[in-house]
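To keep things clear, I will list the structure first and then write my remarks on it.
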Amino acid sequence: MTAVSVPAVRQSRVRRRPSEATPADYGTMLGCALSALALTWLVFTRLTEGSGWFGFMVVAYFSFLLLYGLVTADRLGTLVAADRVVTVAVTTGAVVLLTPLVWLVGYVVVKGVAALRPGFFLEDQGGVQATAAATEGGGLHAIVGSLEQVALTLIMTVPLAVATAVFLNETRSWFRRPVRIFVDAMSGLPSIVAGLFIYAVFILPYAQQDIGILDFNGFMAALALTMIMLPTVTRTVEVVLRLVPGGLREASLALGSSRARSVWSVVLPTARTGVTTAVVLGIARAVGETAPLLFTAFGYDLLNTNPFRTQQESLPLFVYRNIQAASEPARARGFTGALVLLTLVLTLFGAARFIGRDRTGRQARRSRRLPLPETGAAPSPPSPAVAPPPRLPTAVAVRPGADRSSAGDREPPGAATTADPTSEEAPGP
Amino acid sequence: MTDRAETGNPTEDAGDGVDGGRPIALAAAPDEDGLADVDPVTQVVDPTGVIDVDELPRPPDVRLMGGPPPGAAAVETQDVCAWFGEHLVLEGVDLTMPAGEVTALIGPSGCGKSTFLRILNRMHELVASASLAGQVLLDGEDIYRPGIRAQQVRLRVGMVFQKPNPFPAMSVRDNVLSGLKLARVRCSNKDALVEQSLIRAGLWREVRDRLGSPGGALSGGQQQRLCIARALAVQPNVLLMDEPCSALDPTSTRRIEDTIAELRGQVTVVIVTHNMQQAYRVSEHCAFFLAAENEPGQIVERGATQKLFSEPDDSRTLAYVEGRFG
């Protein structure tokens with residue numbers, strides 16, 4: 001039935017994507033890899049005295065590149081060969097760079113998961129002997145401390161950072177330049193200096209006076225963390241605000257709005273996702289800082305839920321103090337703390353990626369991943385086969401908006417013709 | 001069909017009457033605009049907004065508190081000059097834009113039309129290096145007089161920009177109402193105001209079922225009409241339009257021209273356009289701007305559109321409107 005309706009000529013149409021590797025390419029690659037390994041093995045064990053696994057890998061890799069290049073040049077010509085060899089080299093580079101990251105994360109997971117018990121989230125280190133097993137006690141006090149300190153930091157940082165970014169981006173004050181320089185300088189501040197500053201100014205002078213808030217406590221740690229987080233968040237928010245098209249500000253002002261009002265009602269809502277991402281990234285930065293906490297929160301073995309009174313633990317301090325300890329179980333506990341901290345930071349990064357994700361072009365990426373049919377029997381354009389039909393209507397309805405807003409967001413403010421009459425009307429004196 | 005309509009069923013009747021009546025109404029439209037052959041397509045793709053007003057019941061009157069005074073206002077400029085830095089871009093512009101009528105500003109790029117337009121609602125001064133001289137009178141009152149706030153002026157003199165710029169973070173409805181929120185104008189009936197503004201902008205039929213969807217999700221032409229609706233919602237006395245159709249296709253352009261025709265008598269419209277036919281179609285008055293090389297822009301000729309296009313006094317005007325340069 002279908003064979004009759006489709007003319008014979010159509011069957012010969014083979015659909016292809018020019019840049020996509022075919023099974024033959026993969027076969028070539030595999031063959032070259034095997035022969036390179038064999039060749040290197042021959043050289044290393046039969047012809048010479050081998051010099052270790054690292055040399056073996058290096059020689060095998062380069063002989064693979066050479067063989068692969070030669071075979072591809074023979075099959076498809078030098079242009080394709082150059083393309084394939086560079087592709088392999090670049091991919092290898094990416095894998096090599098990724099290795100330390102995977103290694104690091106894997107190491108912490110392997111070392112830390114051993115002592116990870118539900119009790120770690122429920123107990124503190126009260127009454128735990130130095131020689132007790134790693135599974136005794138837990139890190140509740142550290143988790144609570146970290147969360148409280150970061151929450152306090154956030155309460156202080158977000159309003160300040162957003163206000164500073166608005167000042168830098170939305171006003172015409174001459175004072176912007178010095179402020180920008182100070183923010184840049186602050187972002188280069190070593191974090192231990194921030195902690196030291198808080199210690200020297202707020203803690204040390206009042207050491208003997210027993211004023212609860214001016215002593216080692218979580219709030220002091222939050223102050224130090226604020227100094228770390230403020231410049232990061234400020235600069236990120238400023239960049240995000242700069243991406244809001246100038247046309248929107250003009251439209252707002254043309255409706256009779258004051259400048260403050262248009263920042264509050266138009267600019268900030270438009271940049272909302274970007275600002276959120278900036279804040280989450282700032283949290284991820286602050287939650288892993290250890291140095292500012294050394295002289296401020298100081299660390300403590302028991303649960304202290306009041307961040308304004310007496311010293312407090314936090315996850316980085318917990319890790320720091322336990323890894324330094326002499327006993328093996330304590331070190332294992334430190335690795336468990338590191339694992340929890342790592343998970344927390346990765347979760348926050350994931351949240352930032354999710355909140356600030358690019359909603360445009362996802363449809364295109366999804367369709368590209370779909371497999372290509374072997375023969376192009378369909379007489380119509382390829383869209384029904386490539387794009388998922390049931391989702392298409394909603395996608396079409398949603399995408400223009402997403403496209404537009406993102407295109408507008410990306411545009412530098414000066415690009416809007418109405419934003420800068422000088423560009424059109426006056427080429428300058 | 002006619003029988004059934006006559007026998008009753010009022011809702012059906014209304015719908016049929018409109019659908020059947022539109023082609024006739026458009027066929028009766030003058031051919032001089034050269035768009036008559038486009039009409040059938042327009043019908044199929046998208047019903048125009050002109051009939052909306054007849055079809056839909058007029059929403060109840062909306063009162064704004066803290067908004068502009070009612071009615072259209074005349075704008076008059078006296079010897080207006082404009083600088084960017086030390087560079088004089090506009091010199092000695094005297095122009096009267098009568099209340100409730102449409103004035104078109106034409107001329108090649110870079111001759112100061114947009115700058116002049118932005119002087120009329122004090123947007124010019126937002127550019128850091130900008131300065132100006134002369135007087136701009138809105139209903140006889142100088143808008144640059146000390147003691148008058150730029151925000152008040154901009155509330156009375158609305159503006160539509162070249163590129164559609166609805167607020168992406170707001171829904172269609174919130175976009176229309178954004179002027180109220182931004183300028184702190186209070187309104188007796190917001191739903192009625194939204195409906196009224198969208199009808200005046202010729203967009204109501206297309207968006208009435210999705211007032212909650214984001215403003216950026218509309219097509220380019222719809223976005224521009226949304227911007228017009230947004231500007232109209234605060235009930236301004238004057239509406240400035242800076243090449244409102246330059247980014248739009250002919251169908252959307254026609255829709256916006258219909259909107260401008262609808263606004264006649266209610267609002268004073270000043271429109272900058274590079275499209276001669278458009279200037280001819282929409283405006284009663286016309287001013288031709290021109291700038292020689294490295295010279296500031298000036299008005300070469302002003303007057304009734306009909307005269308400027310048929311028998312201009314200046315040879316340069318004739319050359320420009322005939323498309324021989326620019």
Side-chain angles (χ1 to χ4, degrees), chain A residues 171-174 244-275 359-360 394 396-409 411 414-429, chain B residues 68 82-87 89-90 109-115 118 121 123-124 126-130 150-163 165-170 178-179 181-185 213-220 223 227 230-231 233-234 236 240 242 297:
Chain A
T171 66
R172 276 199 227 140
S173 161
W174 62 269
V244 173
L248 294 182
R249 294 187 185 89
E250 291 223 313
S252 169
L253 292 174
L255 285 166
S257 160
S258 66
R259 278 174 172 277
R261 190 94 195 146
S262 52
V263 167
W264 184 252
S265 298
V266 174
V267 177
L268 285 178
T270 307
R272 195 195 295 131
T273 49
V275 172
R359 287 173 183 79
T360 59
T394 44
V396 168
V398 170
R399 269 182 63 198
D403 278 342
R404 219 205 91 65
S405 64
S406 120
D409 286 348
E411 194 174 43
T417 32
T418 44
D420 186 9
T422 44
S423 63
E424 192 199 335
E425 309 284 344
Chain B
W83 289 262
F84 287 113
E86 293 305 311
H87 188 70
V89 294
L90 196 63
S109 288
C111 63
K113 306 182 298 295
S114 293
T115 305
R118 291 165 64 88
N121 72 341
M123 293 291 280
H124 178 63
L126 291 176
V127 179
S129 64
Q151 292 154 30
Q152 281 173 271
V153 174
R154 292 179 197 141
L155 189 59
R156 293 188 64 187
V157 186
M159 188 160 192
V160 176
F161 296 86
Q162 184 172 5
K163 212 173 110 188
N165 52 7
F167 299 129
M170 296 184 194
S178 59
K181 189 172 142 200
L182 289 167
R184 296 184 180 282
V185 175
S213 62
L218 304 177
S219 76
Q223 286 187 15
C227 293
R230 178 176 71 187
V234 290
L240 309 176
D242 190 357

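Just so it is clear, the model here is predicted, and its values are computed rather than measured. Values below: every heavy atom of this structure, side chains too, minus hydrogens, waters and symmetry copies. Letters A, B, ... mirror the listed sequences (proteins, then strands); counts begin at 1.
- Closest heavy-atom contact between B:Phe161 and A:Ala254: CZ-CB, 3.9 Å.
- B:Arg154 has no carboxylate O lying under 4.0 Å from a charged side-chain N of A:Glu250, or vice versa, which leaves the two without a salt bridge.
- Between chain A and the options B:Met170, B:Arg156, B:Gln152, B:Arg230, heavy-atom pairs under 4.5 Å are most frequent for B:Arg230.
- For the pair B:Gln151/A:Arg261, no side-chain contact is recorded, criterion being any heavy-atom separation below 4.5 Å from C-beta on.
- In this structure, the side chain of B:Asn165 engages the main chain of A:Gly247 through a donor-acceptor pair within 3.5 Å.
- In plain terms, the two heavy atoms of A:Gly256 and B:Ala183 that are nearest each other are O-CB, 3.6 Å.
- The distance from atom CG of A:Leu255 to atom CZ of B:Phe167, rounded to the nearest 0.5 Å, is 5.5 Å.
- The shortest distance between side-chain heavy atoms of A:Val266 and B:Ser178 does not fall below 4.5 Å.
- For B:Val185, no part sits under 4.5 Å from any heavy atom of chain A, backbone or side chain.
- Of the inter-residue distances, the one linking B:Leu182 atom CG with A:Ser252 atom OG reads 4.0 Å to the nearest 0.5 angstrom.
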